[in-house]
Student: 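Mind having a look at this structure? Questions to follow.
In this chain, residues are counted from 1 in sequence order. Worth knowing before you read on, the calculation uses all heavy atoms, side chains too, and leaves out hydrogens, waters and symmetry mates.
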Amino acid sequence: MINHPVSDFFSQLPFRLPRVLLFLSLLAVPAFANDDIKPISDDPKSLVKQAEKLIKKGDFAGAEEMFKRAVEARPNDAEIKLKLAYLYVRTRRLVEAYELSYPIAKDDPKNSFAFAVVGTTYLGAGRFQEARALLVNAIRLRHDQPLAWAGLGMLDFYENRISESLKNLQEAVFYEPFEPDFIFALAQVSARAEKYKEAAQAYDDFLRVSRNTDDERRARIKGLINFLRFLGNKQSLYQTGGDPSTEVKFELVGNRPIIQMKINGRKEPLRFVLDTGSGITVISDSTAKALGIRPITRGGFAKGIGGSGKFEIIYGFLRDVDIGAVSVRNVPVYIRKFHSDGIDGYIGLSLISKFLTTVDYGNGTFALRKKDSERTAEVNGTSVPLRLTSSGFLSGEVQLEGFETPLNFIVDTGASVSVISSDIATHNAMAPHAQEERMRVIGAAGITEDVPSFLLPKVTMGAHSRSSITAIALDLNLINEASGFEQAGILGGNFLKNYRMTFDFQNSRVTFVSVKDQEK
């Protein structure tokens with residue numbers, strides 16, 4: 001919330017986006033035919049109106065063309081330039097957005113919209129401290145600045161302040177009730193807050209307001225609405241029971257911890273990978289069929305890494321899950337086909353987020369403790385802040401040798417090997433570390449062959465560093481489309497296996513203890 005003064009921004013903040021963002025700002029503008037909407041003249045007002053119509057249809061390329069023509073016709077109009085800059089933010093072309101909006105904010109320190117656009121640019125880059133200062137200042141200049149309220153709402157969401165996030169996004173929708181992006185964000189956060197009926201209504205409002213003709217996306221949202229309404233009729237989800245804490249052994253296979261758990265009261269244990277790179281628990285279609293778990297609803301197709309790049313979204317529901325002496329009732333899941341054998345599912349963050357969760361690679365143990373347990377406070381080691389992406393991943397700052405600026409990496413116990421984005425892989429600093437070896441990657445959407453690999457000289461998270469970490473280069477565009485702020489890579493099991501990690505989801509932190517330090 002806005003409770004501190006901000007002044008003299010341009011002497012206090014580092015108003016220069018790091019050069020690495022030149023490699024992270026991906027050209028993600030879909031090509032649409034825009035023959036159905038043509039400007040009736042080259043009048044700037046008409047061009048802007050046409051651009052805004054095209055944005056609501058999802059035609060960002062056509063909208064960019066209209067905005068550029070309007071800027072040519074009226075080159076001194078700051079409002080038009082800022083609208084074009086915000087379009088660049090939405091399409092994750094952050095450097096272009098910054099270069100357009102920053103001079104306007106600097107020359108006109110009372111321009112609330114300019115500060116809001118620059119703030120959302122920093123937010124998209126993952127520069128949260130600077131983003132907050134800019135967005136707060138935008139609201140101080142003009143209290144009814146909807147973009148600034150929306151930006152603050154998403155910033156609070158990423159930092160796990162869910163109630164504050166909801167309030168700020170509600171402010172944004174109040175001041176701009178027909179902006180699809182704000183309504184969509186409110187729906188996302190409402191679902192995260194377990195307000196499922198409100199989330200379903202917000203997604204319904206989004207479909208009503210948005211004229212986007214992307215049939216696949218609309219099908220996904222309609223399926224999600226049906227599932228949220230189903231969840232909204234349940235008394236409570238993720239209801240914990242059993243003992244206040246438990247500790248079980250896990251099997252480390254391919255750098256991934258595999259944990260045995262029981263479902264729906266059955267005695268036979270199943271093999272689930274602990275997957276901090278998944279927001280929701282996933283169960284294989286063959287296991288679901290064997291257990292008699294039927295789909296609740298279907299929601300079109302999702303985009304993923306590997307194979308065809310798509311897989312069907314099928315929602316399911318588990319009555320109860322037992323891990324050791326701890327139980328969790330009413331667990332939503334995805335059901336999908338797996339492209340590897342021997343695994344029944346993946347334990348997502350939502351299943352374990354009500355616990356203090358420890359993964360000890362040294363001892364091969366997995367521990368859950370309820371947050372009111374007496375042992376909850378007994379956590380030693382180096383604590384590192386984590387952020388929650390829009391898509392439910394945990395993200396932290398990682399320093400790669402050769403890069404001045406920290407980069408955002410997803411912390412993923414379900415990934416065997418670490419990953420760098422294809423854009424980072426093209427950076428000059430990476431050229432000496434390319435390997436001849438090519439790898440085979442199994443993803444949610446299938447299998448990808450011949451993936452390039454690198455040997456990273458040094459990878460640092462918090463106070464902990466590892467040398468000679470293998471990483472593959474993947475196109476993370478699909479992940480970044482849904483993340484909300486740029487992810488440069490994934491910190492996988494070949495880095496994480498060297499530590500005991502305790503995840504404090506409530507406070508958005510992970511504590512590292514080196515396996516070698518444990519042995520002393």
Side-chain angles (χ1 to χ4, degrees), residues 160 162 192 194 236-253 255-283 317-334 343-381 383-384 386 388 392-394 396 411-414 493 496-497 499-513 515 518:
N160 206 31
I162 303 301
R192 172 67 180 174
E194 300 183 10
S236 62
L237 302 181
Y238 303 109
Q239 185 177 0
T240 61
D243 291 351
S245 66
T246 193
E247 184 175 279
V248 298
K249 296 289 289 184
F250 66 73
E251 180 185 1
L252 193 65
V253 179
N255 295 328
R256 303 189 304 171
I258 298 177
I259 296 161
Q260 291 193 347
M261 70 183 204
K262 298 176 182 178
I263 290 177
N264 291 353
R266 294 182 179 248
K267 294 182 179 180
E268 301 81 11
L270 300 171
R271 289 161 53 85
F272 273 65
V273 175
L274 177 65
D275 188 4
T276 59
S278 176
I280 188 171
T281 296
V282 183
I283 188 170
F317 194 78
L318 307 182
R319 187 178 68 251
D320 57 67
V321 169
D322 293 303
I323 301 174
V326 163
S327 66
V328 184
R329 292 184 60 82
N330 299 335
V331 178
V333 295
Y334 286 146
I343 299 298
D344 294 297
Y346 294 83
I347 299 173
L349 292 175
S350 54
L351 178 60
I352 57 176
S353 62
K354 294 185 184 297
F355 299 91
L356 199 67
T357 303
T358 299
V359 188
D360 191 333
Y361 286 91
N363 295 329
T365 57
F366 173 71
L368 296 173
R369 302 177 216 157
K370 291 184 182 177
K371 290 174 182 174
D372 56 358
S373 168
E374 292 180 0
R375 296 182 59 196
T376 295
E378 298 176 16
V379 179
N380 299 313
S383 184
V384 178
L386 292 175
L388 182 69
F393 300 133
L394 291 177
V411 180
D412 189 358
T413 57
L496 303 176
K497 70 179 181 180
Y499 300 98
R500 181 184 75 211
M501 299 185 300
T502 298
F503 293 91
D504 182 349
F505 300 104
Q506 184 175 14
N507 297 307
S508 300
R509 305 191 74 80
V510 60
T511 301
F512 285 85
V513 176
V515 168
Q518 284 181 258

Student: Could you tell me whether the side chain of Phe503 reaches within less than 4.5 Å of the side chain of Val359, counting heavy atoms only?
Tutor: yes
Student: Where is the tightest heavy-atom contact between Gly414 and Asp412, given as atom of each residue plus distance?
Tutor: N-OD1, 2.9 Å
Student: Nearest 0.5 Å, what's the CE-CG distance between Met501 and Asp360?
Tutor: 10.0 Å
Student: Identify the two heavy atoms, one from Lys370 and one from Asp243, that lie closest to each other, and give their separation to 0.1 Å.
Tutor: CE-O, 3.7 Å
Student: Under the side chain to side chain donor-acceptor pair (under 3.5 Å) test, which residues partner Thr358, sequence neighbours left out?
Tutor: Thr502
Student: Without swapping roles, check the side chain of Thr365 against the backbone of Glu247 for a donor-acceptor pair under 3.5 Å.
Tutor: no
Student: In Å, rounded to the nearest 0.5 Å, how long is the span from CG of Leu252 to CG of Leu274?
Tutor: 11.0 Å
Student: Within the 4.5 Å heavy-atom criterion, are Phe505 and Leu388 side-chain neighbours or not?
Tutor: no
Student: Verify side-chain contact (heavy atoms from CB on, under 4.5 Å) between Leu270 and Ile263, making sure each step is shown before the conclusion.
Tutor: CA-CA 8 Å; Leu270 300 171; Ile263 290 177; 3.6 Å; yes
Student: Is any side-chain heavy atom of Ile258 less than 4.5 Å from a side-chain heavy atom of Phe250?
Tutor: no
Student: Measuring from atom OG1 of Thr413 to atom CD1 of Ile259, what distance do you get when rounded to the nearest 0.5 angstrom?
Tutor: 8.0 Å
Student: Distance check, rounded to the nearest 0.5 Å: Ile162 atom CD1 versus Arg192 atom CZ?
Tutor: 5.0 Å
Student: What heavy-atom pair brings Gly242 and Ser327 nearest, and what distance separates the two atoms?
Tutor: N-OG, 3.6 Å
Student: What distance separates Phe393 CZ from Leu386 CG, expressed to the nearest 0.5 Å?
Tutor: 14.0 Å
Student: I need the minimum non-hydrogen distance between Phe272 and Thr281, along with the two atoms involved.
Tutor: CE2-CG2, 4.1 Å
Student: Could you list the donor-acceptor pairs under 3.5 angstrom formed by side chains in residues 343-357, with sequence neighbours left out?
Tutor:
from	atom 1	to	atom 2	distance (Å)
Asp344	OD1	Thr287	OG1	2.7
Asp344	OD2	Arg271	N	2.9
Tyr346	OH	Arg256	NH1	3.3
Ser350	OG	Tyr238	OH	2.9
Ser350	OG	Gly279	O	3.0
Ser353	OG	Ser350	O	3.3
Thr357	OG1	Ile352	O	3.4

Student: What are the two closest non-hydrogen atoms of Arg509 and Ser383, and how far apart are they?
Tutor: NE-OG, 2.7 Å
Student: Show me the side-chain donor-acceptor pairs of residues 317-326 shorter than 3.5 Å, one per line, residues at least two apart or across chains.
Tutor:
from	atom 1	to	atom 2	distance (Å)
Arg319	NH2	Asn264	O	2.8
Asp320	OD1	Asn264	N	3.3
Asp320	OD1	Gly265	N	3.2

Student: Drop me the distance from Lys249's NZ to Gln260's CD, to the nearest 0.5 angstrom.
Tutor: 12.5 Å
